[in-house]
Amino acid sequence: MRQYKFHIAEMVSAATGVDRLQLTGLIESPPSEEMGDLALPCFHLARVYKKSPAAIAAELAGKMTATEFVERVQANGPYLNFFLRREKIAAEIIREVRAGGDNYGKSDIGLGKTVVIDYSSPNIAKPFGIGHLRSTVIGAALKRIFLFQGYNVVGINHLGDWGTQFGKVILAYKLWGDDGILQENPIEHLYDLYVRIHQEEEKDPSLTHKAREEFRKLEGADSENFALWKRFSDLSKREFDKIYAMLRVQFEATAGESFYNDKNARVEKLLHDKGLLRESREATIVDLEKFGLQPMLVKRSDDATLYATRDLAAAIYRNETYKFHKMLYVVGVAQSLHFQQLFKVLELLGCSWAKDCHHVSFGWVKLGDEMMSTRKGNIVFLEDVISKAVKLAREIIGKGRPDLPDPEGTARAVGIGAVVFTDLAFRRETDISFDWDRMLDFGGNSGPYLQYTHARICSVVRKYARAVSEKFDSSLLILPEEYAIIKKLGNFHEIIDKAAEEFEPFHISSYLLELCGLFNAYYQRYKSPDDRIISADAGKAESRIALIDSIRYVLHSGLTILGLTAPEIM
RNA sequence: GCGCCUGUAGCUCAGUGGAUAGAGCAUCGGCCUCCGAAGCCGAGGGUCGGAGGUUCAAAUCCUCUCAGGCGCACCA
């Protein structure tokens, strides 16, 4: 619909002399159909011309004449409403979708630019929980959104594989670990040890000190600790890879924190040379008080590095390696202070690109009233969630369609789709309450609802049993539901743009739900031989199939971007 | 204490300056001899936490206030 906004802005600009781009931004969609297809609120013009908005609207309505796209223009109070030529719009949009196919909605505004996205980034020696899933799902969706816009995208898995916490795991393993259990069930065993050391620490604070010492030794290349770390790390990565395969998530680089071990010293020197370092309470810090921020701790009192050091090293390394246009950190809201500090320190180091770094934060996943916490041990395992969802999908699928070609694969597609979509069904910043009932609700606003609608459209197109014609007659698409769908299809570009600008995949989720709602209402409303999609009238059937096959394309692209598969039968 | 975030229908959430505040779940009532009922249609349900203010126009912006959450020195 973007092109028609431009067109209308041109018309109004010609009549008033007001800047065309400014007008484009003002044009909006009216709340109801009888108010036309696009509208220009005249409040701003009223200020310029010192007349009432209603008078301006009336006056402009008189000056406007019909055009190739605009059928009539009508003043409605302070609004100037534009009614488009439906036949023309229908023909253009459907042709555009069909010509583009899976490429419809793509753009090349990102050509030659690189976006680096840091996402997923689980901690080794810890289970992959529902919380990490959120970063993974949002990051992977953003990656596909930017690819859709022509950007070169580098997805980085910044594994949490270094730091004091491994001192804890190493210490716990030395105290209570069991090689046999580790071999058999690595993540579970490491997780038990991790929870246990946190509990024991409460009773015996000396453990904290011992754990730090273990990490200091690890950083000092102690061979025993290094071997243990390496083993934990390898076992964990193997588990994570299974999950990524299941979610079909890929990374261009897996460079965890340990990757920067040999790059921290250089950062420290840079900070030192800029005179940014200060000693405070025995630790090394960058004082950020004049920027209203807490100090950033760069090194511990025993000289071991901290995550801030490694994040600085990572940012500098990535800038040098990828020359990025933007860098996104898909990390929970709990770390927002850290990122403010990080970006500020980069700025102080003279990195002009610090402004291109964004913390794409997301809210908590709560369990009941509590925040999920690995340390407290109240987390939900991703594997349990997926296996329950797939099991439920298997039951539902088995009932309706005994002839389904690949029941197991479809059950997985739908079960995983339900889980993935749950993370995309809210705005990023919203805290999510983890709820089994909602996760396993395949109706309403859910992934399976979108997939179901897609399969349903595929089924109708199959039943039509003829090639979808490109020579359909758009003048036969006169039902209000048909026109509403056409306008919705025409909005796909704008939705992608908005999702990319705001780093918000939810806009796409919301759009797809609306699109499916329009289709389902349309589908169910008309049942007579003439009115149904596969109409007794061959011409109508041809046009309607071209229309719903266009929905199919957009739905398929949208689902793919979000990370869901779109089975043709389910 | 300082900083940030949230408060919209019974529940979970959209809507972030414009035309009667929307959806899903839940409740109640309808719709499969007919293209897939994982669906659709309808009903009830909201002083948008509260009070001031800015504006032609406020759920949306500002101030104050109440309630909840998170972050703030050697975890990441």
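In the text below, chain A, chain B and the rest are named by the order of the sequence lines, each starting its count at 1.
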Legend entry - Atom pair CG/OH of A:D311 and A:Y329 - distance to nearest 0.5 Å: 6.0 Å
Legend entry - Side-chain N or O of A:K299 closer than 4.0 Å to phosphate OP1/OP2 of B:C74: no
Legend entry - B:G15 to B:C75 separation - P atoms, rounded to the nearest Å: 39 Å
Inset, instruction - May I have the distance from A:K527 (atom NZ) to B:G36 (atom P), rounded to whole angstrom? - result: 11 Å
Legend entry - More than 12 heavy atoms of other groups within 6.0 Å of A:E568 CD: no
Legend entry - Gap in Å between the two P atoms, one belonging to B:C32 and one to B:A14, rounded: 36 Å
Inset, instruction - For B:A43 and B:U54, measure between their P atoms and round to the nearest Å. - result: 39 Å
Inset, instruction - Scan A:P30 against the nucleic acid and name what it touches under 4.0 Å (heavy atoms): base, sugar-phosphate only, or nothing. - result: base
Inset, instruction - Kindly confirm or rule out a cation-pi arrangement of A:R466 over A:Y464, judged by NZ or CZ under 6.0 Å from the six-membered ring centre and within 45° of its axis? - result: yes
Inset, instruction - Tell me whether B:C34 sits syn or anti, counting syn as a glycosidic angle within 90° of 0. - result: anti
Legend entry - Between B:C5 (P) and A:R428 (CZ): distance, integer Å: 13 Å
Inset, instruction - Please state the P separation for the pair B:U47 and B:G10 - nearest whole angstrom. - result: 8 Å
Inset, instruction - Let me know the distance between CG of A:D441 and P of B:A23, rounded to the nearest Å. - result: 17 Å
Inset, instruction - Starting at NZ of A:K299, measure out to CG of A:L306 and round the result to the nearest 0.5 Å. - result: 9.5 Å
Legend entry - Between B:G3 and B:A38 - C1' atom distance, rounded Å: 46 Å
Legend entry - Distance below 4.0 Å between A:R300 side-chain N/O and B:C75 OP1 or OP2: yes
Inset, instruction - Assign each of A:T164 and A:S29 to its nearest nucleotide of RNA chain B by heavy atoms, then name whichever residue's nucleotide is nearer the 5' end. - result: A:S29
Legend entry - Expected output: side-chain A:R134 to main-chain A:R428 donor-acceptor under 3.5 Å: yes
Inset, instruction - Considering just the side-chain nitrogens and oxygens of A:Y449, establish if one lies under 4.0 Å of OP1 or OP2 belonging to B:C40. - result: yes
Inset, instruction - Assign A:E257 to base, sugar-phosphate, or nothing according to its heavy-atom contacts below 4.0 angstrom with the strands shown. - result: sugar-phosphate
Inset, instruction - Classify the side chain of A:T430 versus the base of B:C13 as yes if they form a donor-acceptor pair under 3.5 Å and no if they do not. - result: no
Inset, instruction - Report yes if at least one side-chain N or O of A:R427 is closer than 4.0 Å to OP1 or OP2 of B:G15; otherwise report no. - result: yes
Inset, instruction - Give A:S459 one of three labels, base, sugar-phosphate or nothing, depending on what nucleic acid heavy atoms sit under 4.0 Å from its own. - result: base
Inset, instruction - Determine the contact category for A:I534: base if any of its heavy atoms lies under 4.0 Å from a base atom, sugar-phosphate if only primed atoms, P, OP1 or OP2 are that close, otherwise nothing. - result: base
Inset, instruction - Look at all strands and tell whether A:I285 reaches a base, only sugar-phosphate, or nothing, counting heavy atoms closer than 4.0 Å. - result: base
Inset, instruction - May I ask you to say what A:D531 touches in the nucleic acid, namely base, sugar-phosphate or nothing, with a heavy-atom cut-off under 4.0 Å? - result: nothing
Inset, instruction - Scan A:V414 against the nucleic acid and name what it touches under 4.0 Å (heavy atoms): base, sugar-phosphate only, or nothing. - result: base
Inset, instruction - Would you please confirm or rule out a distance under 4.0 Å between OP1 or OP2 of B:C35 and any side-chain N or O of A:R544? - result: no
Inset, instruction - May I ask you to decide if the ring planes of A:F519 and A:Y522 are parallel, tilted or perpendicular, using 30° and 60° as cut-offs? - result: perpendicular
Inset, instruction - For nucleotides B:C48 and B:A58, find the distance between their P atoms and express it as a whole number of Å. - result: 12 Å
Inset, instruction - Under 4.0 Å between any heavy atoms, over every strand shown, what does A:L337 touch: base, sugar-phosphate, or nothing? Just pick one. - result: sugar-phosphate
Inset, instruction - Check if the side chain of A:S446 and the base of B:A38 share a donor-acceptor pair of N or O atoms closer than 3.5 Å. - result: no
Inset, instruction - Name the nucleic acid region contacted by A:F43, choosing base, sugar-phosphate or nothing; use a 4.0 angstrom heavy-atom cut-off, strictly under. - result: base
Legend entry - Touch class at under 4.0 angstrom, heavy-atom based, for A:S301 against every strand present: base
Inset, instruction - Describe the nucleic acid contact of A:P78 in one word from base, sugar-phosphate, nothing, applying a heavy-atom distance below 4.0 Å. - result: nothing
Inset, instruction - Select base, sugar-phosphate, or nothing to describe what A:G160 touches, counting heavy atoms under 4.0 Å on all strands. - result: nothing
Inset, instruction - Mind checking A:R532 for me? I need base, sugar-phosphate or nothing, with any heavy atom below 4.0 Å counting as a touch. - result: base
Inset, instruction - Assign A:L513 to base, sugar-phosphate, or nothing according to its heavy-atom contacts below 4.0 angstrom with the strands shown. - result: nothing
Legend entry - Whether A:H556 and A:H454 hold their rings parallel, tilted or perpendicular, with breakpoints at 30° and 60°: tilted
Inset, instruction - Would you indicate, yes or no, if B:U55 has its OP1 or OP2 atom less than 4.0 angstrom from a side-chain nitrogen or oxygen of A:R47? - result: no
Inset, instruction - Return the nearest nucleotide to the side chain of A:R438; candidates are B:A73, B:U12, B:G39. - result: B:U12
